[in-house]
Amino acid sequence: MAKMKEYKYKINGNNYNVAIGDLDDNVVEVLVNGTPYKVELEKKATAAVTVSAPRPSAAPRTASGEKVVKKASAGTGAYEVKAPLPGTILSVNCKVGDMVKASDTVIMLEAMKMENAIHAGRDGKVASVTVANGDSVLEGAVLVTLE
């Protein structure tokens, strides 16, 4: 008999000593607590694996040609309301100069076919709105700045 690999298992509180022999023509001998078993392994057809690297799609552009996707910008010291995930702006519910409460919805963002209400996060005055309806934004992009 060929050298067997030995393993110890504990299943549902019961200890099992398992020894597994070499694979010979799709059959392997297994000893479980000293009891021999012949185990036949299922033959699987090997499929050729084709890996294709998808090309990244171009960022959407406005009529004037600039990219619509907004990138996260550097902090300015004011409170920034950021996109929690990438998506498309459905509506901007505030304008510069508005006073907002923390629970107010300032942006509606569509992501993964769901509408997400983006709240101000704190009370304050809207200092800037950096997105418009239809813009695509990346995660972390600044949507609104409060002062």
Side-chain angles (χ1 to χ4, degrees), residues 4-33 37 39-147:
M4 300 183 94
K5 294 180 182 174
E6 296 187 21
Y7 302 93
K8 293 182 186 259
Y9 296 101
K10 188 171 193 173
I11 302 171
N12 293 334
N14 298 318
N15 291 320
Y16 295 92
N17 291 320
V18 179
I20 301 173
D22 291 330
L23 182 62
D24 183 26
D25 195 31
N26 245 25
V27 176
V28 67
E29 186 173 347
V30 178
L31 289 174
V32 179
N33 289 342
Y37 296 94
V39 178
E40 185 175 347
L41 301 178
E42 183 179 322
K43 288 186 181 183
K44 290 188 177 182
T46 56
V49 177
T50 305
V51 178
S52 63
R55 286 187 52 207
S57 59
R61 296 183 180 269
T62 62
S64 59
E66 63 265 356
K67 291 181 182 177
V68 175
V69 175
K70 309 285 185 197
K71 295 205 185 261
S73 63
T76 60
Y79 182 77
E80 297 174 331
V81 179
K82 296 181 179 181
L85 63 170
T88 304
I89 304 299
L90 290 178
S91 66
V92 177
N93 303 336
C94 63
K95 61 186 182 307
V96 174
D98 286 355
M99 294 301 293
V100 294
K101 298 280 185 205
S103 61
D104 289 352
T105 299
V106 292
I107 301 283
M108 284 302 288
L109 175 75
E110 179 187 6
M112 298 183 288
K113 300 194 188 260
M114 293 186 63
E115 291 183 9
N116 299 278
I118 309 301
H119 301 287
R122 76 165 209 193
D123 295 354
K125 181 178 175 184
V126 177
S128 69
V129 177
T130 57
V131 293
N133 293 352
D135 284 358
S136 294
V137 294
L138 299 175
E139 181 178 347
V142 176
L143 307 174
V144 176
T145 305
L146 303 177
E147 52 184 39

Minimum heavy-atom separation for [X] to [Y], with atom names?
| X | Y | answer |
| --- | --- | --- |
| A83 | V137 | CB-CG2, 4.0 Å |
| G134 | T88 | O-CG2, 3.8 Å |
| P86 | A111 | O-CB, 3.3 Å |
| H119 | V106 | C-CG2, 4.1 Å |
| V131 | I107 | CG2-CD1, 3.9 Å |

Query - Inter-residue atom distance L85.CG - E139.CD, 0.5 Å rounding - result: 7.0 Å
Requested in this report: Can you run down the salt bridge (Lys or Arg N to Asp or Glu O under 4.0 Å) pairs that involve residues 106-123, sequence neighbours left out, and say none if there aren't any?
Outcome: none
Report task. Applying side-chain contact (heavy atoms from CB on, under 4.5 Å), name anything that partners V28, two or more places apart in sequence or on another chain. Result -> I20, L23, V30, V39
Report task. Return the set of residues passing side-chain contact (heavy atoms from CB on, under 4.5 Å) with P84 (not counting sequence neighbours), or none when no residue passes. Result -> L109, I118
Requested in this report: Report yes or no: does T145 contribute a side-chain atom to a donor-acceptor pair with the main-chain N or O of A127 at less than 3.5 Å?
Outcome: no
Which pairs of donor and acceptor atoms, one on a side chain in residues 89-102, lie under 3.5 Å apart (sequence neighbours left out)?
| residue | atom | partner | partner atom | Å |
| --- | --- | --- | --- | --- |
| S91 | OG | N93 | OD1 | 3.1 |
| K95 | NZ | D98 | OD1 | 3.3 |
| D98 | OD2 | K95 | N | 2.9 |

Please tabulate, one pair per line, all N/O donor-acceptor pairs under 3.5 Å involving side-chain atoms of residues 4-16, not counting sequence neighbours.
none

**Report entry** Set of residues satisfying side chain to side chain donor-acceptor pair (under 3.5 Å) with respect to S103, sequence neighbours excluded
**Finding:** none
